[in-house]
A.B. asks: 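Below you'll find the structure I mean.
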Amino acid sequence: MPLLDALTLGFATALTPANLLFCLIGVFVGTAVGVLPGLGPTATISLLLPITFQMDATASIIMLAGIYYGAMYGGSITSVLINIPGEAASIVTCIDGHRMAKQGRAGAALGMSAFGSLIAGLAAVVGIVLIGPPLARVALQFGSPERFALVVLGLLLVVFIATGSRLRGLVSALVGLILSSVGLDIVSGQQRFTFDTAYLLDGVNIVILAMGLFGIGEVLADAERRATKAELLAAPTRTRELLPTRDDWRRSAGPIGRGTVLGFVLGLLPGGGGLISPFASYLLEKRLSRTPERFGQGAIEGVAGPESANNAAVQASFVPLLNLGIPTGAVMGVVLGALMIHGIAPGPQLYVERPELFWGVIASMVVGNLMLIVLNVPLIGLFVRLLRVPAGILSPLIVFTCIVGAYSINNNPLDVVAMLVAGVAGWLMRKARFEPAPLIVAFVLGTMFESSLHQSLAMGYGSAWILVERPVSATLLGIAALVVAASIAASLVAARRPTA
Amino acid sequence: MFAAIEGRALGLTDLGSPGPGLFPFLFGVLLTAAAGLSLCVDLVRVRRAAGPDDARRQTPATDGLGRDRPDDHAPGGGARVLGYVSIAAAITAGMGWVGFMPAAFAGLLAMVRGIERMPWRTALLTAGGAAVAADLLFVRLLKVPLPAIPL
């Protein structure tokens, strides 16, 4: 089918009143779910799956897709306002987004998050239409050795996330790596650091860890340092201050473009590529910036890049599923289930046999992203007004929301206890001037590090040569070696330079 | 150090491939080294800052590393931290005994009135409103099985 005809069919499908309604329901529910910590898109889509049994297949996938990218935007709202990431992918937005809120620039952070997500979403749709299917086939060549090399590169760069001492950033990152090894060893099944408790067999939950370190840790640190009735955050009063300025746009244009490309490519990769896209974007922007010291202090690039990467990755993750029938993550696995319930086997034949579904879902992403902007931008003023709530009310509500959010993940009170332990650890880290961000990023990468290494060794029949025999993994490992060499050289030059 | 010791006990290799303890061991060793180095760097800086030529740097407004120390010790701050953690733990434990709504209401009231010293009316409205809103949103709408009041 010619591309123009295919797009016409897609928009004709997406713009029917019923599909528009389900798209609206999807993005609305998704935003709400994203705002609530704990209840992520995987759980929500699973909960809503039975509802889709009676629906048309196209409408159900349009709604589920809307929930997914709506949740990604919703997660950034709480990250910016109260330092609680609604989703694992929103963790990195806490670093600069919440700092901007503390400076009275919550509106600009939320606005840039929304517009960045829109631009990335629309660009990702264009990417899907033009190069998505062939790129998805190439992405499948990206196996465990390549993923291992990518994770190694990410781990080497993780200390650069720290705004203060790199040594302290390294300590934080190593704690995150040790935490990622808690649970059953994936090869031998041996228990590691479980203290003979069944609770820790599955390891530490990323959302619980993030809610504790960022949300509870921040409340405790704030409770310790402020006078009882002080305001928690500065809130702008004029409407003009609620939206990004021209300077914000100038600073964010590059990060949005790079974040979109990075997120799109990583979103195509199986095995959690989309999850690391905001972290990768943040690291990239900090490395490219002429003023990296602004990162962590409220740099809008630290919001624009990761949020764009996040949204582009979400949209791109539909390509391997719809084109090749391969889910790239847990959410896509549930969407695959929804398709199969309707008797649809996704794969190369999908856009021959069911073109209205394939192109309808793609076109609905354009419509859904526009709906997200229409729904959320007018509400930015309302969200920001939340910051005027006295800290004496806001702090207890944050703690309470975290408790309910942590409990709702597995309906297990031990999750709340784990979150409180992480919260106290986060508070102590702040007191000792260790930053939680490198810990969280290393934790995410650490879980992928071991699994991809073991899979690579299995692919190479026990030989580690497979890591350097394949061109992409060899290139990535080469870049990692260059990063190490450049850091050592920079340290030596700095040590020899006479102090003023 | 605990991670390194435990990792070694788990086994560093397994039939020629990485054993379950290899990475915890490596991460533990690296963490011990990095933490030790960080401690040494801080001690050296504090000692330098305390030198007679630069005594002004160790004023109460700096942290001994030459950086401004934020005012992170408001009067009663430590007690408020302890209060928040204790009440959050009590809400979690109380949910199983008295149900979600009463535990949430009592816990929020204790935080808003007891820790934050907000007026009684504000505290009651906040606690009641948040407990009811959470019940409506999570239990009624999203079907999260939060513990019900035992009858």
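Note that the structure is a prediction, hence the values are computed from the model and not measured. In the text below, chain A, chain B and the rest are named by the order of the sequence lines, each starting its count at 1.
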A.B. asks: How many angstroms lie between CD in A:E450 and CG in B:L22, if you round to the nearest 0.5 Å?
C.D. replies: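 Spacing of CD (A:E450) from CG (B:L22) equals 8.0 Å.
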A.B. asks: Which one of B:A34, B:G107, B:A110 has the most heavy-atom pairs closer than 4.5 Å to chain A?
C.D. replies: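 So the answer, after comparing B:A34, B:G107, B:A110, is B:A34.
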A.B. asks: Using non-hydrogen atoms only, which part of A:I403 is less than 4.5 Å away from chain B: side chain, backbone, both, or neither?
C.D. replies: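 It is the side chain, since no backbone atom gets that close.
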A.B. asks: Please flag which part of A:L457 lies under 4.5 Å from any non-hydrogen atom of chain B: side chain, backbone, both or neither.
C.D. replies: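 Only the side chain of A:L457 comes within 4.5 Å of chain B.
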A.B. asks: Which bit of B:L37 is near chain A, if near means a heavy-atom gap under 4.5 Å: side chain, backbone, both or neither?
C.D. replies: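 Contact with chain A is through both the backbone and side chain of B:L37.
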A.B. asks: Which heavy-atom pair separates B:M111 from A:P396 by the least distance, and what is that distance?
C.D. replies: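 Between these two residues, the closest heavy atoms are CB-CB, 3.7 Å.
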A.B. asks: Among the options A:V416, A:V29, A:V182, A:I178, pick out the one with the most heavy-atom pairs lying under 4.5 Å from chain B.
C.D. replies: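 Most pairs with chain B among the choices: A:I178.
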A.B. asks: Could you go through B:E116 and A:I393, starting from their C-alpha distance and side-chain angles, then the distance that decides it, and tell me whether this counts as side-chain contact (heavy atoms from CB on, under 4.5 Å)?
C.D. replies: CA-CA 8 Å; B:E116 299 292 351; A:I393 294 174; over 6 Å; no
A.B. asks: Hey, are the side chains of B:F23 and A:S180 touching, using non-hydrogen atoms and a 4.5 Å cut-off?
C.D. replies: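 Contact flag for B:F23/A:S180 side chains = no.
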A.B. asks: For A:R168 and B:S38, indicate whether the former's side chain and the latter's backbone hold a donor-acceptor pair under 3.5 Å.
C.D. replies: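 Answer holds: no.
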A.B. asks: Below 4.5 Å from any heavy atom of chain B, which atoms of A:V171 appear? Answer side chain, backbone, both or neither.
C.D. replies: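 When you check distances to chain B, atoms from both the backbone and side chain of A:V171 fall under 4.5 Å.
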A.B. asks: Is it true that a side-chain atom of B:R80 and a backbone atom of A:A223 form a donor plus acceptor pair closer than 3.5 Å?
C.D. replies: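 Confirmed, B:R80 side chain pairs with A:A223 backbone.
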A.B. asks: Just so I know, are the side chains of A:F193 and B:F2 near enough to count as touching, which here means a heavy-atom distance under 4.5 Å?
C.D. replies: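 They are in contact (side-chain heavy atoms under 4.5 Å apart), so the answer is yes.
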A.B. asks: Under a 4.5 Å heavy-atom cut-off, does chain B meet the side chain of A:L177, its backbone, both or neither?
C.D. replies: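 Answer is both: backbone and side chain atoms of A:L177 are under 4.5 Å from chain B.
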A.B. asks: Hey, are the side chains of A:I216 and B:Y84 touching, using non-hydrogen atoms and a 4.5 Å cut-off?
C.D. replies: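 Heavy-atom side-chain distance check fails, nothing below 4.5 Å.
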A.B. asks: May I ask you to name which of B:G19, B:A35, B:A88 has the most heavy-atom pairs under 4.5 Å with chain A?
C.D. replies: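 Among B:G19, B:A35, B:A88, the one with the most close pairs to chain A is B:A88.
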A.B. asks: To the nearest 0.5 angstrom, please state how far the CG atom of B:L146 sits from the OG atom of A:S408.
C.D. replies: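 Nearest 0.5 Å value for the CG-OG distance: 7.5 Å.
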A.B. asks: For the residue pair B:M95 and A:P413, establish whether any side-chain heavy-atom pair is separated by less than 4.5 Å.
C.D. replies: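 The answer is no; the side chains never approach within 4.5 Å.
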A.B. asks: Grab the two heavy atoms, one from A:H454 and one from B:P18, that are nearest each other, plus how far apart they are.
C.D. replies: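 Answer, listing the atom of A:H454 first, then B:P18: CE1-O, 3.5 Å.
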A.B. asks: So among B:T126, B:I87, B:V112, B:L108, which one has a side-chain contact (heavy atoms from CB on, under 4.5 Å) with A:F400?
C.D. replies: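 For A:F400, the side-chain contact (heavy atoms from CB on, under 4.5 Å) check succeeds only for B:L108.
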A.B. asks: Chain B: which of A:M419, A:Q190, A:R430 shares the most heavy-atom pairs with it under 4.5 Å?
C.D. replies: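 Top count of heavy-atom pairs under 4.5 Å with chain B: A:Q190.
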A.B. asks: Please state whether the rings of A:F449 and B:F27 are parallel, tilted or perpendicular, taking 30° and 60° as the class boundaries.
C.D. replies: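 Geometry flag for B:F27 against A:F449: tilted rings.
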